[in-house]
Every structure is written in structure tokens, then in C-alpha cells.
Amino acid sequence: MLCNPKKSAIFAPDYEHQQKNDMNKNITPCVTYIGADDKDLDLFESQHVVPHGISYNSYVIHDQKIAVMDTIDHRKTQEWIDNLEKALGGKSPDYLIVQHMEPDHAANIGWFAERYPQATIVASAKAVQMMPQFFEEVNFTGRTQTVQEGDTLCLGQHTLKFFMAPMVHWPEVMVTYEESEKILFTADAFGKFGTLDYEYPWIDEARRYYFNIVGKYGAQVQTLLKKLAGLDVAMICPLHGPVLKENLGYYVGLYQTWSKYEPEKEGVVVAHASIHGNTKAAAQRMAEILREKGTQEVVLIDLCRDDMSKAVESAFCYSKMI
């Protein structure tokens with residue numbers, strides 16, 4: 001059921017940072033978290049070290065019509081199914097909203113389609129095109145609803161509005177805004193490494209996640225941020241990491257900085273790869289000279305040994321690089 005879109009106001013300009021990593025199953029009285037933490041994964045996407053694991057997030061919106069927001073990775077399928085069925089309480093969902101087809105979020109679309117044959121799968125045109133390629137055993141004919149930029153979907157008291165976000169960071173991605181509770185479901189945007197039960201600052205693992213997963217698509221992130229600038233957002237629900245409920249201007253401001261490729265910090269990254277140690281010695285001497293001349297932050301990176309994802313993060317974070 002389509003509804004007329006509503007006008008909304010601007011992001012609140014609050015730049016203070018008070019992140020809390022706790023995750024209540026009830027995000028609001030009508031929105032339930034049904035994702036899972038993965039503490040056993042050593043390499044995210046088989047390349048990024050995740051010493052504190054990763055979360056795969058999924059949500060249920062309860063209303064006259066019930067919508068499930070994405071599925072999760074196959075590694076945690078049973079936990080997700082248990083959480084989903086508990087949240088449904090014996091009811092059947094009416095919609096599965098697919099914002100992103102990457103397997104860590106879409107692995108259980110096939111199971112969902114088989115378990116709830118009456119449910120409609122809502123996604124972008126590109127995602128609908130991709131689904132049969134991922135799930136050859138599923139007949140999606142008559143099972144999907146394609147949405148475009150600005151389309152809305154009424155659940156009853158809740159209305160979902162869809163914004164296309166191609167290449168943030170796959171071509172089929174979209175984000176979803178729930179108008180009544182002002183919740184922005186952001187797919188991979190505003191995500192971070194780390195499980196939800198590990199307490200540490202949001203920014204470090206969010207920055208490393210952004211530059212290694214989304215970083216090359218700064219122009220596309222800028223396009224998305226401009227689309228969302230007119231929304232009154234009370235809460236951000238990403239597909240990785242904690243739900244963001246306070247000081248949202250802080251997070252949006254960081255995404256503005258990162259996606260514009262503006263330096264976040266003043267400092268110099270000195271990166272080196274050394275076969276016999278001579279280039280390393282030169283790099284170490286260069287770091288000493290910079291410090292002697294008053295450079296406040298000098299980051300020395302051994303590209304042969306240091307974590308590459310942290311090297312990439314540092315290269316974008318600091319204002320200068322050698």
C-alpha cells in the first residue's frame with residue numbers, strides 16, 4: 001500500500017559525542033532488534049582484522065503490517081531465525097525489506113521466502129534483478145515489489161520512505177526512512193567493526209570500517225547525504241554496529257568529512273616497505289625529523305607488517321603523507 005510522502009525538517013546540529021554500545025532488543029515499542037554478534041570471525045570480508053568481531057543487524061517493525069528489515073549472515077542464521085520468530089510471536093511478516101544484497105545481510109532471503117510465502121520482498125530494481133542469481137532455487141515471480149526513489153510503503157501507523165544509494169557500497173543499495181518514529185535504516189552506512197557488547201569509542205572502528213569498505217565511493221556518499229539532509233532523524237539503525245540515538249550531527253559531520261576526503265586530523269603518516277631494513281631506517285629518521293620540527297602527530301606505518309586496513313584508515317585520516 002503506497003502512501004503520500006511527508007515533508008520533514010533537517011538533521012539536528014548536535015556535534016557532541018556520547019556513544020553507548022548497549023543494544024536493547026526493543027529499539028522502540030514498535031521496532032525490535034533481531035540481529036546477532038559474531039565473535040568468532042577473524043577477518044571481515046576475508047581481509048580486515050576484526051579482533052572484537054562484528055555484528056549483523058536486522059530489525060522488525062510491528063504494525064498492522066509487519067516489516068522485517070534485512071536478514072543476516074549465514075554464520076548466524078539459526079540465532080537470527082530464533083530472534084525473528086520470538087519477535088513475531090506467532091504472527092507472519094508481510095514484508096521483507098532488502099536494502100543490501102551482500103551475503104552478510106542477505107544470506108537468509110531464500111529461507112525467508114520459503115518460510116513466509118505470503119510475504120512480499122521489497123527492494124530496489126537492481127536488487128530484484130540480483131536475487132535469482134543469489135538464490136537459484138527460489139521462484140521470485142510475483143513475490144517482489146520494486147521501489148524507486150521517494151516511494152513509500154504504509155504499514156499502518158508507520159510509513160517507510162525509500163532512498164536509492166547506489167555504490168554505498170554496492171550498486172543495488174537503498175536506505176529506508178520510517179516517518180512516524182523518524183528512524184533512518186542506513187544499510188552499511190554508519191556501520192562499524194566490533195560486536196555490540198564490546199565497550200569502546202565508536203569513531204575508531206567506524207573510521208576503519210568506512211575507509212576500507214566505503215571509502216572509494218566518497219562522491220556517492222555525498223550524493224546520499226544530500227538526499228537525507230532534509231530529514232528529521234531521531235535514530236540511525238545501521239546493518240553493522242550500534243543503533244545511534246544521540247548527537248547524530250556528530251556522526252553525520254564525520255561522514256561529511258570522510259566522504260569529502262578532507263583530513264580529520266593534522267599530522268603526517270610516514271609509510272614504508274623495506275626489504276633489507278634500509279628504507280625502514282630512513283622512514284624512522286624522517287619521523288624523528290618531523291617531531292624535532294614540531295609536528296604534533298607522526299604515524300609510522302610498516303606496510304610489510306602492520307594491518308593494512310589501519311594503514312588505509314591513517315592515510316585518509318591525517319592531513320599529510322610521506
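Both backbone and side-chain heavy atoms feed into the values below; hydrogens, waters and symmetry mates do not.
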Looking only at side chains, do [X] and [Y] share a donor and an acceptor under 3.5 Å apart?
X      : Y      : result
Gln256 : Gln222 : yes
Tyr198 : Asp37  : no
His169 : Gln220 : no
Asp70  : Gln99  : yes
His100 : Asp188 : yes
Gln157 : Ser180 : no
Ser309 : Asn212 : no

Are [X] and [Y] packed together at the side-chain level, in the sense that at least one heavy-atom pair is separated by less than 4.5 angstrom?
X      : Y      : result
Lys182 : Asp232 : yes
Val147 : Met174 : yes
Ile97  : Phe185 : no
Met164 : Gln148 : no
Asn57  : Cys237 : no
Lys280 : Asp302 : yes
Val243 : Lys245 : yes
Lys161 : Thr176 : no

Verify same cluster id: [X], [Y] (apolar side-chain graph, 4.5 Å):
X      : Y      : result
Phe140 : Tyr116 : yes
Val173 : Leu231 : yes
Leu248 : Tyr250 : yes
Leu244 : Leu239 : no
Val312 : Tyr217 : no

Aromatic rings [X] and [Y]: how do their planes relate, parallel, tilted or perpendicular, breaks at 30° and 60°?
X      : Y      : result
His105 : His240 : tilted
Phe193 : His48  : tilted
Trp111 : Trp80  : perpendicular
Trp170 : Phe134 : tilted

Any side-chain to backbone donor/acceptor pair from [X] onto [Y]? Under 3.5 Å, distance only.
X      : Y      : result
Thr257 : Gly253 : yes
Asn108 : Thr71  : no
Thr279 : Ile275 : no
Ser319 : Pro263 : no
Gln118 : Pro93  : yes
Glu172 : Met101 : yes
Asp63  : His158 : yes
Thr28  : Cys30  : yes

In terms of side-chain geometry, is the basic nitrogen of [X] or [Y] positioned less than 4.0 Å from the acidic oxygen of its partner?
X      : Y      : value
Arg291 : Glu288 : no
Lys310 : Asp307 : no
Arg208 : Glu205 : yes
Glu85  : Arg115 : yes

Could you pull out all residues at least two apart from Asp204 that satisfy salt bridge (charged side-chain N to carboxylate O under 4.0 Å, His left out)?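 With sequence neighbours excluded, Asp204 shows a salt bridge (charged side-chain N to carboxylate O under 4.0 Å, His left out) to Arg207, given in chain and number order.
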Please name all residues satisfying salt bridge (charged side-chain N to carboxylate O under 4.0 Å, His left out) with Lys39, sequence neighbours left out, ordered by chain then number.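 Lys39 satisfies salt bridge (charged side-chain N to carboxylate O under 4.0 Å, His left out) with Asp197 only.
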Apply salt bridge (charged side-chain N to carboxylate O under 4.0 Å, His left out) to the pair Lys320 and Glu266, showing each step before the final yes or no. CA-CA 8 Å; Lys320 300 173 181 66; Glu266 287 296 322; 3.7 Å; yes
Would the number of heavy atoms belonging to other residues, nucleotides or ligands and lying under 6.0 Å from [atom1] of [X] be above 12?
X      : atom1 : answer
Glu292 : CD    : yes
Lys126 : NZ    : no
Glu45  : CD    : yes
Met321 : CE    : no

Run the side chain to side chain contact (heavy atoms under 4.5 Å, CB included) test against Ala123 and tell me which residues pass, sequence neighbours left out.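 Val98, Ala127, Val128, Met131.
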Write down the atom of [X], the atom of [Y], and the distance for their closest heavy-atom approach.
X      : Y      : value
Ala273 : Leu303 : CB-CB, 4.3 Å
Pro242 : Trp202 : CG-CD1, 3.9 Å
Ser55  : Tyr33  : CB-OH, 4.4 Å

Of the options Leu160, Leu153, Thr146, Asp94, which is the one that meets Val122 in a side chain to side chain contact (heavy atoms under 4.5 Å, CB included)?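 Single pass found, and it is Leu153.
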Among Lys86, Lys25, His62, which one satisfies side chain to side chain donor-acceptor pair (under 3.5 Å) with Thr32?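 Of the listed residues Lys86, Lys25, His62, the side chain to side chain donor-acceptor pair (under 3.5 Å) partner of Thr32 is His62.
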In the hydrophobic cluster built from side-chain contacts under 4.5 Å, what are the other members alongside Leu43?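 Members other than Leu43 - counting any ILVMFWY side chain reachable under 4.5 Å - are Val49.
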Connected-component partners of Ile322 among ILVMFWY, side-chain separation under 4.5 Å: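 Ile322 clusters with Val268, Val270, Met286, Leu290, Val298, Leu300.
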Tyr210: which of Phe190, Tyr255, Phe316 passes ring pair (Phe, Tyr, Trp, His ring centres under 6.0 Å):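 Looking at Phe190, Tyr255, Phe316, the match for Tyr210 under the ring pair (Phe, Tyr, Trp, His ring centres under 6.0 Å) is Tyr255.
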Hey, could you give me each pair passing salt bridge (charged side-chain N to carboxylate O under 4.0 Å, His left out) that has a residue in residues 72-82? Not counting sequence neighbours.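 Qualifying pairs, neighbours excluded: Asp38-Arg75.
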Decide ring pair (Phe, Tyr, Trp, His ring centres under 6.0 Å) for Phe163 and Tyr177; before the verdict, give the C-alpha distance in whole Å, the side-chain angles of both, and the deciding distance to 0.1 Å. CA-CA 8 Å; Phe163 297 88; Tyr177 179 63; 7.1 Å; no
